[in-house]
Number of protein chains: 2
Amino acid sequence: MARNSIEAHEETARWEVQLRKGVLEFAILLTLRGGEHYGFELVTSLTSKARINVPEGTIYPLLLRLAKDGLIKSEMRDGEGGAPRKYYTLTPRGVVLLEAMIPRWKQLSTSVEGLLAGEEND
Amino acid sequence: MARNSIEAHEETARWEVQLRKGVLEFAILLTLRGGEHYGFELVTSLTSKARINVPEGTIYPLLLRLAKDGLIKSEMRDGEGGAPRKYYTLTPRGVVLLEAMIPRWKQLSTSVEGLLAGEEND
DNA sequence: CTTAGGAACCTTGCATGGCAAGGAACTCGA
DNA sequence: TCGAGTTCCTTGCCATGCAAGGTTCCTAAG
């Protein structure tokens with residue numbers, strides 16, 4: 001009886017992985033807009049606060065890519081106990097790109113909302 | 001001077017491709033919820049109405065996958081002139097999955113809105 | 001000193017899926 | 001017959017999430 005919902009859950013899991021592509025990059029840049037963060041902090045912050053699941057194997061390569069693309073920059077500093085931390089901040093280029101992403105996201109989000117509402121006009 | 005915005009546009013283009021992953025599947029299922037559609041019609045409908053760019057090379061493999069997964073089913077019928085059309089409709093499984101996707105989408109959308117608004121609480 | 005464990009970072013290899021490009025089959029009008 | 005429009009499909013490449021495993025540093029217990 002609960003069969004359908006279990007299967008559905010497995011399939012939505014695969015779907016959500018795909019849905020995160022692009023969203024994650026956006027979410028990280030948005031988070032950094034609020035000030036510097038280090039990698040591990042982004043993992044816990046996005047997972048607990050924004051309810052966006054972000055394993056370490058995802059975020060570190062992504063941060064490296066964003067840094068290589070010149071959108072963010074990092075600075076290594078010691079934290080309190082544990083290994084030293086790599087603090088990331090947005091670069092001016094990162095700010096520009098983020099500003100360009102925002103209307104794109106809003107448009108996509110609005111389009112999906114329209115489909116959700118079942119609009120039939122064109 | 002316009003350098004930054006041009007580069008930003010190129011990069012957002014790549015980003016948007018990734019962003020569509022997952023969203024497209026959702027958008028197609030949502031569209032089919034409103035009744036049967038054939039493939040080419042989905043291309044033009046999503047592109048013009050929902051402003052979600054969907055090239056043919058994207059949609060046909062996607063429709064085949066959705067059909068293989070049993071979420072949609074197709075029926076070949078002649079249209080008016082031109083090649084015969086393949087009309088797609090949701091299966092009961094597709095409806096179930098779609099219903100499961102909706103809250104997930106809303107949660108993700110809400111999370112991103114929260115980041116956009118610059119929330120700092122946790 | 002040694003061991004344990006946690007914090008923080010990174011790498012490898014695989015699977016998924018968008019999409020540009022090319023092509024095929026059908027219809028209809030010139 | 002020939003082109004053009006409609007509709008569908010396939011191939012091959014590329015970007016990227018992520019599970020699994022590893023490294024380094026620090027602190028605390030034994």
Side-chain angles (χ1 to χ4, degrees), chain A residues 10-29 36-48 52-69 71-72 74-88 104 108, chain B residues 10-29 36-48 52-69 71-72 74-88 104 108:
Chain A
E10 285 168 3
E11 300 213 34
T12 52
R14 191 207 57 197
W15 169 66
E16 286 186 68
V17 167
Q18 300 305 318
L19 192 56
R20 280 190 206 109
K21 299 198 176 191
V23 175
L24 273 185
E25 180 174 336
F26 188 44
I28 286 170
L29 294 178
E36 69 173 14
H37 289 73
Y38 59 95
F40 199 79
E41 184 183 22
L42 286 169
V43 171
T44 55
S45 169
L46 287 174
T47 299
S48 71
I52 301 174
N53 198 44
V54 190
E56 295 176 56
T58 294
I59 208 162
Y60 289 115
L62 177 51
L63 287 171
L64 289 179
R65 180 171 64 76
L66 293 176
K68 199 181 62 178
D69 291 349
L71 307 180
I72 63 179
S74 63
E75 184 196 355
M76 208 71 175
R77 286 206 312 273
D78 283 10
E80 316 116 26
R85 297 164 175 172
K86 206 164 179 177
Y87 286 89
Y88 288 94
R104 299 306 199 133
L108 182 68
Chain B
E10 285 167 4
E11 300 212 34
T12 51
R14 191 205 56 196
W15 170 65
E16 285 185 69
V17 167
Q18 300 305 319
L19 193 55
R20 282 190 204 109
K21 299 199 176 192
V23 174
L24 273 185
E25 180 173 337
F26 188 43
I28 287 170
L29 295 177
E36 68 173 13
H37 290 72
Y38 59 96
F40 200 78
E41 184 184 21
L42 286 170
V43 172
T44 56
S45 169
L46 287 174
T47 298
S48 72
I52 300 174
N53 198 44
V54 190
E56 296 175 54
T58 293
I59 208 163
Y60 290 115
L62 177 51
L63 287 171
L64 291 179
R65 180 171 65 77
L66 293 176
K68 200 181 60 177
D69 291 349
L71 307 180
I72 62 179
S74 63
E75 183 196 356
M76 207 72 175
R77 286 206 312 272
D78 283 8
E80 315 117 27
R85 296 166 176 173
K86 205 165 180 177
Y87 286 87
Y88 288 93
R104 298 306 199 134
L108 182 68

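Here is how names work: the chains are called A, B, and so on, in the same order as the sequence lines, proteins then strands, and each is numbered from 1.
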Inset, instruction - Respond yes when some side-chain nitrogen or oxygen of B:Arg65 is under 4.0 Å from OP1 or OP2 of C:dG17, and no when none is. - result: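 Answer is yes, contact under 4.0 Å.
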Between [N] atom [atom2] and [X] atom [atom1], what is the distance in whole Å?
X        : N      : atom1 : atom2 : result
A:Arg85  : D:dC25 : CZ    : P     : 16 Å
B:Leu19  : C:dG17 : CG    : C1'   : 14 Å
B:Tyr60  : C:dG18 : OH    : P     : 15 Å
A:Asp78  : C:dA7  : CG    : P     : 17 Å
A:Arg14  : D:dC18 : CZ    : P     : 14 Å
B:Ile28  : C:dC19 : CD1   : C1'   : 13 Å
A:Leu108 : C:dG18 : CG    : C1'   : 14 Å
A:Glu75  : C:dC9  : CD    : P     : 13 Å

Inset, instruction - Using heavy atoms to find the nearest nucleotide of DNA chain D for B:Gly57 and A:Arg20 separately, return the residue whose nucleotide is more 5′. - result: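 Whichever sits nearer the 5' end wins; that is B:Gly57.
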Legend entry - Ring geometry between A:Trp15 and B:Phe26 (parallel below 30°, tilted from 30 to 60°, perpendicular above 60°):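 B:Phe26 vs A:Trp15 ring planes: tilted.
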Inset, instruction - Check every strand shown and say whether B:Lys21 touches a base, only sugar-phosphate, or nothing at a heavy-atom separation below 4.0 Å. - result: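 Base, at least one base heavy atom under 4.0 Å.
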Inset, instruction - For B:Pro84, report the nucleic acid contact type (base, sugar-phosphate, nothing); a contact means any heavy atom under 4.0 Å. - result: sugar-phosphate
Proximal nucleotide (of [options]) relative to the [X] side chain:
X       : options                : value
A:Leu64 : D:dC9, D:dC8, C:dT11   : C:dT11
B:Leu62 : D:dC18, C:dG18, C:dC19 : C:dG18
B:Thr58 : C:dG18, D:dT16, D:dT7  : C:dG18
B:Leu24 : C:dC19, D:dT6, D:dT10  : C:dC19
A:Lys86 : C:dC9, C:dG18, D:dT16  : C:dC9

Legend entry - Which residue lies more 5' along DNA chain C, comparing A:Gln18 with A:Leu63 via nearest heavy atoms: A:Leu63
Inset, instruction - Test for a donor-acceptor pair under 3.5 Å between the base of D:dC18 and the side chain of A:Glu56, counting only N and O atoms. - result: no
